[in-house]
Amino acid sequence: MTAYITTPIFYVNAEPHLGHAYSTIVADTYARFKRLCGEDVRFQTGTDEHGDKIVQAAESAGESPQEYVDRISRMFSDAWPHLDIEPDNFIRTTDADHKENVQRILQQVYDQGDIYFSEYEGLYCKGCERFLTEKELQDGKCPDHLTEPDRISEQNYFFRMSKYQEWLVDHINANPDFITPERYKNEMLSFLSDPLEDLCISRPTSRLTWGIPLPFDDRFVTYVWFDALINYLTGLGYPDDEKFSTYWPVAEHVIAKDILKPHAIFWPTMLKAMGLEPYQKLHVHGYWNIGDTKMSKSLGNVVRPRAMVDEYGVDAVRYFLLRDMSFGLDSGYNSEAVVARQNSDLANDLGNLFSRSLTMVGKFEDGKVPPCGTMGKLDLALQESCADMLATYRDEMEHFRFHRALQAVWKVVSKANKYIVENAPWELAKDEANQEQLHTVFYTLLETLRILQVVVSPIMPATARKMAAGLGVDHSDTLEIAGQWGGLKPGTAIQKPEQLFPRLEKKKDAPRPAKTKDRQKPKGPEQQLEGIITFEDFGNVELKVAEITGAEVIKKSDRLLKLTVKAPEVRTIVAGIAEHYSPEELIGRQVIIVANLKPATLMGVQSEGMVLAAKDGKRLVLASLSDTVAPGSRVA
RNA sequence: GGCGAUGUAGCUCAGUUGGUUAGAGCACACGGCUCAUAUCCGUGUUGUCCGGGGUUCAACUCCCUGCAUCGCCA
């Protein structure tokens, strides 16, 4: 049996974020699971590197497109090892073999008449240098440039996608697992209930040169999907390499829902046009929201996988992402949830189970796997729950329901903890007569741990390695073999390793590293957007009463006033209140200021703090106290 | 505007073809144990199952309708 699993190739106009990491961890976990099942697996990820956005991003970074894509692509390939992600292939759309492959396919499809030259009319924004869709417009204008786009027509090449619509609908209906989970299948079927348009696949070189030239017309380059999607074939050495014949028939793609249409509609029809079989399955997952806000660059709440790993460790991150998201649905990320998972599931339940078990074997069994005696009711029950769990686990993992697979696994963890209490080995150990029963208890327990180690390995490879080392077992067996009861050899030496998972403090606001440079970028998404802060968070903000002793207009600005305040030391504060207060009326007033704000220079004036005011629609009203107090009094 | 999804305990969610007192984990409270990472085990509290109407002997479950959130499409 073979398996081929891919992530999307990620567009290199930004650094890797949580969403990229999730897709890739999912694919990696699935690849490891399939390997565990004894299958011959190929796992591919990579980067998508052509297009106008790349050219723009490179320009603003002061680099050539090639330098730029090399740099960002490396950020992706470098990020994955930190997450224990091990792809077999990392493909880049700027690779020579990919370009060649795309051109060969284009030529083939062109020759057979499925690509034609035609005119395209649309709304073109000169500022953006691209066509805008009706949807993007606000009041008929480009939202970025606030200009009305021109209705212009452009000649381009089109792929006859519509020709394959009927076939695709039939294919989706005939293969219920082609697009999963089902909601996305339904969405696509609904989309396909209307006539499909043909797909524009080129851009004139007058507008874009950073792309793969069309082999039959060098005035054009390939546009987006006909370039990007083909990576899944290039990575297998299509058409001649034997990897292609081995792995393509079992191809499964993991994507996020934003690129559903290209993968569910464009790609199968492209493959059909090439005369190839479509992929087997498309696994579509949802978004990670930050708190309850979408993650986006412009909000500045992008979560960087590296930062998560540094804070929680790889396995905690992998576990959390797979355990907390129902595959297919959106989920909310927040640091408290990560800490809760880490502490309760990982440290308390699994980590402590492992720790207490090995310690006792050290103490009561001389650090060796004991022989198993006659199993009683409790022992058999635990053995049976392992077997039940394995069946569920297999099925859920197979269907990308990782959260459910993990639930099933943790049921066993919980039962094992209960098993210990029920048997109270420390009591049994007090009497020689109980020796056989004691042996049986520990054998059963260690076997359970061994099986847990096996099933946990695709999700948390490092933890599984530690557990295997502690139990003195090799972890190279397949699930079939490793899942069978009785794998541990009596007499094997047990070695208790370092604790598997540390317990974390609840307070998520450990002293933040003072990043002095990036003042524009609001960082630490958790602190920023979760709505709730701890008392300590609040304590970090030093609020004081200040008396305004001087105020003057800053000439170059119509919003800013330069205030001199006494708190009780004299400071200068620049406040954006000129439209609401005149300098005269401010003198002598007491206001509340944030006293420990990092100084900032506004319009050439250094501001040492911030004045609090309420915003009521367009009105701005300064915060004040109900009575006069000594300047500098702390507000809390 | 069209199509669809979702709305269940303080939080995150399970609830299979309608069938007794609606479940799990987390959190919280109390009790037990002492092998363990102050962990583990037990017990317990909390619900207008979004609102309204209907079908039925019986509705969280089916139908209609309203509200809210989200997705796809136009």
Side-chain angles (χ1 to χ4, degrees), chain A residues 133-137 179 181-197 256-262 264-265 284-287 289 291-294 316 320 323-334 336-365 367 378 392 396 401 403-404 406-411 413-430 438 441-442 445-446 449 463 466 470 494 496-506 530-532:
Chain A
T133 62
E134 299 274 351
K135 228 177 165 177
E136 287 177 281
L137 301 183
I179 303 168
E182 203 177 5
R183 53 200 328 241
Y184 296 110
K185 178 184 91 172
N186 295 338
E187 204 172 292
M188 286 303 98
L189 282 173
S190 141
F191 177 74
L192 285 167
S193 62
D194 289 330
L196 208 50
E197 282 177 22
K257 62 184 182 180
D258 57 336
I259 46 173
L260 173 58
K261 211 193 293 175
I265 313 276
V284 189
H285 69 76
Y287 291 149
N289 296 321
D292 39 28
T293 316
K294 277 190 181 174
F320 173 80
R323 177 63 185 79
D324 251 47
M325 176 175 268
S326 302
F327 191 88
L329 303 177
D330 289 356
S331 198
Y333 169 85
N334 67 75
E336 273 161 46
V338 183
V339 171
R341 284 286 178 208
Q342 158 104 11
N343 284 347
S344 86
D345 295 6
L346 298 181
N348 293 354
D349 292 348
L350 179 60
N352 184 51
L353 169 67
F354 189 69
S355 166
R356 68 197 300 209
S357 303
L358 294 210
T359 301
M360 281 191 284
V361 170
K363 217 180 255 187
F364 303 129
E365 297 285 3
L378 292 175
T392 311
E396 303 291 19
R401 294 185 290 251
H403 68 299
R404 290 210 182 185
L406 287 168
Q407 261 176 45
V409 172
W410 253 256
K411 228 164 140 180
V413 171
S414 169
K415 282 186 177 165
N417 270 320
K418 188 182 293 195
Y419 175 80
I420 293 177
V421 173
E422 284 168 341
N423 284 288
W426 52 91
E427 289 295 329
L428 292 176
K430 286 176 183 166
L438 190 69
V441 166
F442 282 121
L445 198 51
L446 291 172
L449 283 171
T463 299
K466 279 192 219 168
I494 295 298
K496 190 183 174 182
E498 293 295 293
Q499 65 177 18
L500 296 179
F501 304 99
R503 284 180 59 77
L504 299 177
E505 288 300 315
K506 280 262 166 57
E530 270 163 25
I532 303 294

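Within every chain, numbering begins at 1; the chains are lettered A, B, ... in the order of the sequence lines, protein sequences first and strands thereafter.
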Nearest 0.5 angstrom please: A:Asn348 CG to A:Ser355 OG, how far?
11.5 Å
In Å and rounded to the nearest 0.5 Å, what is the CD to OG distance from A:Gln407 to A:Ser414?
12.5 Å
Taking any strand in view, what nucleotide pairs with [N] in a Watson-Crick or G-U wobble way, both distances under 3.5 Å?
N	value
B:C49	none
B:A9	none
B:C28	B:G44
B:G19	B:C57
B:G1	B:C73
B:C35	none

Taking C-beta and beyond as the side chain, do [X] and [Y] meet within less than 4.5 Å on heavy atoms?
X	Y	value
A:Pro425	A:Ile420	yes
A:Thr392	A:Arg404	no
A:Leu438	A:Asn423	no
A:Val441	A:Tyr419	yes

Spacing between [X] atom [atom1] and [N] atom [atom2], to the nearest angstrom:
X	N	atom1	atom2	value
A:Leu189	B:G2	CG	P	22 Å
A:Asn423	B:G32	CG	C1'	17 Å
A:Leu192	B:G2	CG	P	22 Å
A:Met188	B:G71	CE	C1'	10 Å
A:Glu187	B:A74	CD	C1'	15 Å
A:Glu182	B:U6	CD	C1'	15 Å
A:Lys257	B:U6	NZ	C1'	12 Å

If you compare all heavy atoms of A:Ser357 against all heavy atoms of A:Leu449, which two are closest, and at what distance to 0.1 Å?
CB-CD1, 3.6 Å
Pull out every protein N or O sitting under 3.5 Å from an N or O of nucleotides 11-17 of chain B, one pair per line with the distance.
residue	atom	partner	partner atom	Å
B:G15	OP1	A:Arg404	NH2	3.3

[atom1]-based separation of [M] from [N] [nearest Å]:
N	M	atom1	result
B:U56	B:G47	P	32 Å
B:G42	B:G25	P	9 Å
B:U21	B:G32	C1'	28 Å
B:G15	B:A9	C1'	14 Å
B:G51	B:C11	C1'	23 Å
B:U8	B:C50	P	6 Å
B:G4	B:C63	P	12 Å
B:G54	B:U17	C1'	22 Å

Sorted by chain and residue number, the side chain to side chain contact (heavy atoms under 4.5 Å, CB included) partners of A:Lys415 (sequence neighbours excluded) come out as A:Leu382, A:Ser385
If the condition is side-chain hydrogen bond (donor to acceptor under 3.5 Å, both in side chains), which residues does A:Glu396 pass it with, not counting sequence neighbours?
A:Arg401
Sorted by chain and number, sequence neighbours left out, side-chain hydrogen bond (donor to acceptor under 3.5 Å, both in side chains) with A:Glu187 holds for none
Under 4.0 Å protein heavy-atom contacts per nucleotide of nucleotides 33-45 of chain B, with B for base, S for backbone only and - for none
SSBBB-SSSS---
Residue set satisfying salt bridge (charged side-chain N to carboxylate O under 4.0 Å, His left out) with A:Asp258, at least two apart, ordered chain then number -> none
Mapping A:Tyr184 and A:Glu197 to their closest nucleotides on RNA chain B, which lands nearer the 5' end?
A:Tyr184
